[in-house]
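This report refers to the structure that appears directly beneath it.
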Amino acid sequence: MPDMNEDPPDLEDALLRRSTRTAAPAVIRSGREVMSVELALTVFRQMLRTRALEERSIKMSKSGEAYFWIGGPGEEAFNVCLGLQVHKGRGPAHDYLHLHYRNAGVMLAMGMPMIDHTRQLAMRATDTHSRGRNFVGHYSIPAWNVVPVTSVIEVQFAMAPGTALVQKRHGQKNPLEAEGITIVVGGEAGTAEGDFETCLNWSTRPDNELPVLMLVANNRYGISTDLDTVHAHRPIADRGIPYGVRNETIDGNDPVATWNAIDRAMRYCRRERKPFLLEAMVSRLHGHSSSSGAQRNWTETDPLATFEQKLIDFGAIDTATVRALKEEAKKEADDAVVRTMKEAEPTRDDVYAFTYAPSAVDAVYPNDFTGLPEARN
Amino acid sequence: MPDMNEDPPDLEDALLRRSTRTAAPAVIRSGREVMSVELALTVFRQMLRTRALEERSIKMSKSGEAYFWIGGPGEEAFNVCLGLQVHKGRGPAHDYLHLHYRNAGVMLAMGMPMIDHTRQLAMRATDTHSRGRNFVGHYSIPAWNVVPVTSVIEVQFAMAPGTALVQKRHGQKNPLEAEGITIVVGGEAGTAEGDFETCLNWSTRPDNELPVLMLVANNRYGISTDLDTVHAHRPIADRGIPYGVRNETIDGNDPVATWNAIDRAMRYCRRERKPFLLEAMVSRLHGHSSSSGAQRNWTETDPLATFEQKLIDFGAIDTATVRALKEEAKKEADDAVVRTMKEAEPTRDDVYAFTYAPSAVDAVYPNDFTGLPEARN
Amino acid sequence: MANMAQAVRMALHYGEKHLGVTDVFGEDVGPPLGGVFTATQGLKTAWNTPLGERGILGAAMGIAYAGGRPVCEIQFCDYAFNVLDMFKIAGNQRWVGAGGFDMPIVVMTPNGAGIRGSVYHSHSFEGWASRLPGWKIVMPSNALDAYGLVLAAIKDPNPVLVLLPKALLRQKDTRLIPGEPADADELSRMIDAPVGDRANWEPQWPELEDHTVKIGEAALVREGTAGTVVSYGRPLPLCVQAADELAREHGSTFDVIDLRSIFPYDWGMISRSVLKTGRVLIVNEDTEVTNFGEHLLRRVIDEHFYDLVVRPRTLMGKHVPGIGMNQNYELNSVPQLGDIRAALWDLATEAA
Amino acid sequence: MANMAQAVRMALHYGEKHLGVTDVFGEDVGPPLGGVFTATQGLKTAWNTPLGERGILGAAMGIAYAGGRPVCEIQFCDYAFNVLDMFKIAGNQRWVGAGGFDMPIVVMTPNGAGIRGSVYHSHSFEGWASRLPGWKIVMPSNALDAYGLVLAAIKDPNPVLVLLPKALLRQKDTRLIPGEPADADELSRMIDAPVGDRANWEPQWPELEDHTVKIGEAALVREGTAGTVVSYGRPLPLCVQAADELAREHGSTFDVIDLRSIFPYDWGMISRSVLKTGRVLIVNEDTEVTNFGEHLLRRVIDEHFYDLVVRPRTLMGKHVPGIGMNQNYELNSVPQLGDIRAALWDLATEAA
Ligand SMILES: Cc1ncc(C[n+]2csc(CCOP(=O)(O)OP(=O)(O)O)c2C)c(N)n1
Ligand SMILES: Cc1ncc(C[n+]2csc(CCOP(=O)(O)OP(=O)(O)O)c2C)c(N)n1
Ligand SMILES: [Mg+2]
Ligand SMILES: [Mg+2]
């Protein structure tokens, strides 16, 4: 699969690829939730790829190929199930994504090549998200409505109602394009910032409810701070109650439960044009970031390992295939890094670039920022 | 009652004063809530005084004796029932008050002389709250733990957990002084600011619940904006649910209901050392402020008029006494204004005063701010 | 003849009609009030928000990301201080995001003292705003410029902050906005909401025309030789008055520069004037420690130190925690006509 | 021999033990981490807060109102911009409230670039902070001063902001804090939390003594005649290094002033030095538009314009939306040793 890097994942492809298995069951179960084996294998493959990329990323930060690492090992199930269900595209007919800094899995599942991630991590001039300016995982993809991720916790929740408002109106005027929603993702600790509440309030104005899917990836920690020590022992999902916002808390380490919960929540937002608050309990397998060492924490549930075991138990995959897929993913990540490290870094000439969009009504900066105003006439 | 201005209200005094009535009933009822007639008359008298002061204040802003007016006509029942139940004093054994700008009734009920209000309104140097610097109703009374009211909406809710934390600890160390609570008051529109949520969150940290009485005076408007147009049609009190904070919504125009609800809520905070969220539906009888004209709005329920009628209906008071009390209150307010207007205004010499407290470790400003740093040695 | 609030309103109407403005919003911006200074009365796309500056700026950013053209208001600049992080992000997202997304938002907010607004309706914001790279910041001193700068702000695809001097919002201009009826009363009948019930009121907009004041272009409102005064916003008319008085009474004339844009500023005009006069006074009402006027002074020192014939001056607000309600506070902490006149006279008469 | 983070920690311990500090708190300030820079490890009163800067500053203000002595942390100054309104209130409440309540709070926050922190761990805050009347703002450039300034901040009954240069937090001082063991390894064994499980760890505090650096007192760290350099925080050691190099290589000596307090600043020391040398360079890493260094320059112009023998200079960070992650951004937007050295040389050698 040499094209895996560039091509968006394709459900039907995956179906075909797996349909040669004869003895495999038709569905994977988790409690009352069900997922087709074909889909499960697609999810699994994307989770593997995500994990491979994250592990290679951590290595980069330790080897000196990069400096700072932050990401989402432990959130693969959640991220992949989300990414595969996004209505991808540009403009209000498609979904807007206001992401957190642990969403590599969302992007890979949507079809972003790994190198778009490693370029940012290695601070290359070719980094399309930030031209080597921002931390890794701080994506910006206009073609897919992925608005720039910022390190400032929770502000994305204050912006989300804005994109959703335009989407709602767009759908009212264009009934055939009325399913675009706004997806906003954050951690659980961040919900203590007022912006989380702002999102709930602004998405529920009477007669102006907005299609916002609010997602909280609850890994139970903000850096070193245990949620149980700073927050009442109640689900974050309860925060929807005072606004009448539908909500649910799920096991985000279980791809079957997660897929279905996201599917239901998305359908509700798409059709009802109203908000939904979904809290996913997830793991944090390598601590907060490279600042805290990024060592593997073996006490946390590994969603990838448990899903692998489940697929094997169900007879949906065998260990040899798993091994091959892992090798493949690892190679894909290695290749991306090798290519990345050959690319140019930004230079002194880049310092001011992209500050301003060209403007016909600006006498001083008609094109871009060029340093302090100068006498020019 | 020439001393009314200076003396704190005294329940037993009121009891005595009224005890000559022979035919009066023992209690006033409102649904299942009950209040003694003696207390009802005390509340009524303070409501009358508050109304008289507010009406005189509006007149000041229109006559040129003052400029800007803002206040609480329509909130008298709520404010007086609150003020009479405060544990007044200095330091963590007593209640802390983080007030809104419509709480003249709280202060009068606590015993503040009217002139302390009119001095601020008339921007006199004798204004102890702000030396003629701040809008009226922006009280600051160290002796009663009334921390400075600020015009910035909702910030008091972010500060309240701080005073409550000290009170909780103080009570743990001094069991005889373990009933001081923090009272924080705001309008309903302001609850859209994140600080309201901060208060809920910070008051419910596990094993660190704090004795904060959160009060929302819901007059259904933020300046011109109807709550129903910007907020889901649910009680503000519901905001307590996600944190397990006890909460109630009451008719703040009904002194009987209000007194009892505040009593219950306060007792809970005092004894359990935990937060309570109480929402009181109130009226806004003169619009937002003098900026919006301060004209009387006759469509809103007048808590004073309805209580007056109720007391008369119950035979607890007669119209002649009501008239006399009104005259008395009006005169008290007039006298305060007359005295106020004779007092000095701040001068240019006051501009910097009180910026800094004296500090032994400051080489430049050992006493107070004296303009930009100068060469002094 | 429109006042500045009417001018802003007309510009926003022009924006809705011709420039694709999709949303005008903020606290009390929509019906029935149409803004605490009436600047948004009768606008088709105006709506009221919950009370929250973070929601306002956040929504504006989201609307812009999704292709809308929002104009939002912070009711008073005094209440912008809980959302400076989002101002920063609105300003830096394009740079950080390698130019992926534009951020065509306009934020309007009343600025400065002069309306007896006490501590929280008297702040100046330009010093803070000028520290926000990626933003453009404008501040008109008259209604016609307000119209022209709001149009520029709407047209510019970058975040633009329009600071409206509170004390000048009700000042009538002597000039007409293109399309405005010559009779001020007629204008008022057409576009001012009636007192009382407004439920069925609709404005009658005049056929307005384009009039854009380019960002970064100052106006030389008086010409002279005795010195250069650089100002903007509320003190600008006072500078003009002081200069006119000194011209009339003493024959000392001044270049009076209305900067109009705080950032980018018209360095060319300042530079030429300083070269000509060798004497410069910078006037604003913001607090004096780390004041934008000090930046301008630094530019003057950087580039014209040896061209100056006397010490260059600044006249700014005092470093105080606030403007007090009693007028004696404001009179003694914000530059007044007399202060400006004295400073100008001093500048012009100091021996070279 | 302590590094700056250890010095701050020891000062806070001294504060808990001798000065009545009741609370040291913020995001990740308490156990197990003890602060992202270890500055609060092992402290008796340290606790973790919910993630919210408004809650942190609000709680500090409330604690102070109720008689506590709080020290709180904003994890990075980059995250202080959602709570500037409350900073303003903490600074103005005493003035507005006619002196009724003091506000004895200390806010600590890491400041500036130099740790490869990308856009949101590289901000400079002193320009913003200096616009907050009612606050005192200090910024040490070495561990001993950090100890002394934190003690002053705790003792001062007014709000004090302690800006800690991120890039210097791990720098060891050559001098000892009074009471500190002479052996740095011993200190580390005593007060640095172990890697791994810390549940049962307790620090062993040395018997520390008072050492207070008064607010508003700068330090003259080098004396010379060729010019005056005014700086503070992270660039200060670079200024010293540049001055030492020029002294060694060219015999040009400089007064190097470590301001230490941003507000109030030691105008006396600056003034005396400028009078002596007639040449001045002001250096900091904050963005250059409306920069606190421009305020200092304005004071120099106000009072010493005619004493200057050459154009006074500033060397500041570029006006950019952020410091980019790739080092080429920081190297080209924040003053580096070479830039400082060149500016000093230029200052010293310009013909009078
Ligand atoms: C406004 C703000 N305050 C503080 C920080 C520093 N910080 C970065 S990540 C983090 C913890 C976030 O926890 P959570 O929201 O649970 O997300 P997680 O990292 O666990 O995914 C903090 C405090 C920040 N980035 N932004
Ligand atoms: C942070 C902030 N934003 C805006 C304002 C302007 N403002 C003053 S009062 C007010 C409405 C407040 O409504 P509510 O909280 O319901 O209180 P009420 O006046 O009705 O008692 C607004 C928007 C402010 N004072 N502070
Ligand atoms: Mg978390
Ligand atoms: Mg209200």
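In what follows, chains are A, B, ... by sequence order, proteins preceding strands, each numbered from 1.
Within the model, atoms CG of D/Asp28 and OG of A/Ser292 stand 9.5 Å from one another, a figure rounded to the nearest 0.5 Å. Here A/Leu372 contributes atom CG and D/Glu288 contributes atom CD; the two are 4.0 Å apart, rounded to the nearest 0.5 Å. Remark: A/Thr347 OG1 to D/Leu331 CG distance equals 12.0 Å, nearest 0.5 Å. Note that CG of D/Asn82 is 11.5 Å distant from CD1 of A/Ile153, once rounded to the nearest 0.5 Å.
Between D/Tyr79 and A/Ser151, the closest heavy-atom pair is OH-CB, 3.6 Å. Nearest heavy-atom pair, A/Ala189 versus D/Leu51, reported as atom, atom and distance to 0.1 Å: O-CB, 3.4 Å. Here the shortest heavy-atom pairing between A/Phe369 and D/His319 reads CE2-O, 2.9 Å.
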Derivation of the side chain to side chain contact (heavy atoms under 4.5 Å, CB included) call for D/Arg116 and A/Phe68:
CA-CA 8 Å; D/Arg116 291 180 169 277; A/Phe68 180 77; over 6 Å; no
After noting the C-alpha distance and the side-chain angles of D/Gln327 and A/Tyr67, does the key distance pass the side chain to side chain contact (heavy atoms under 4.5 Å, CB included) rule? CA-CA 11 Å; D/Gln327 277 298 92; A/Tyr67 289 91; 5.8 Å; no
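If you tally non-hydrogen atom pairs under 4.5 Å between each of A/Thr229, A/Leu227, A/Val152 and chain D, the highest count goes to A/Val152. Your options are A/Ala122, A/Ala192, A/Pro346, A/Ala125, and the one with the most heavy-atom pairs under 4.5 Å with chain D is A/Pro346. Interface check for chain D: of the options A/Asp127, A/Asp226, A/Asp195, A/Asn134, the most heavy-atom pairs under 4.5 Å are formed by A/Asn134.
Looking at D/Pro50, the atoms closer than 4.5 Å to chain A (heavy atoms on both sides) sit in the backbone and in the side chain alike. Of the two parts of D/Asp78, neither the backbone nor the side chain holds a non-hydrogen atom closer than 4.5 Å to a non-hydrogen atom of chain A. In this structure, chain A has no heavy atom under 4.5 Å from any part of D/Arg54.
Contact residues of residues 348-358 of chain A toward chain D are A/Arg348, A/Asp350, A/Val351, A/Tyr352, A/Thr355 (heavy-atom distance under 4.5 Å). Within residues 117-124 of chain D, the residues that have a heavy atom under 4.5 Å from a heavy atom of chain A are D/Gly117, D/Ser118, D/Val119, D/Tyr120, D/His121, listed by number.
Counting heavy atoms from C-beta on, the side chains of D/Asn328 and A/Glu345 come closer than 4.5 Å.
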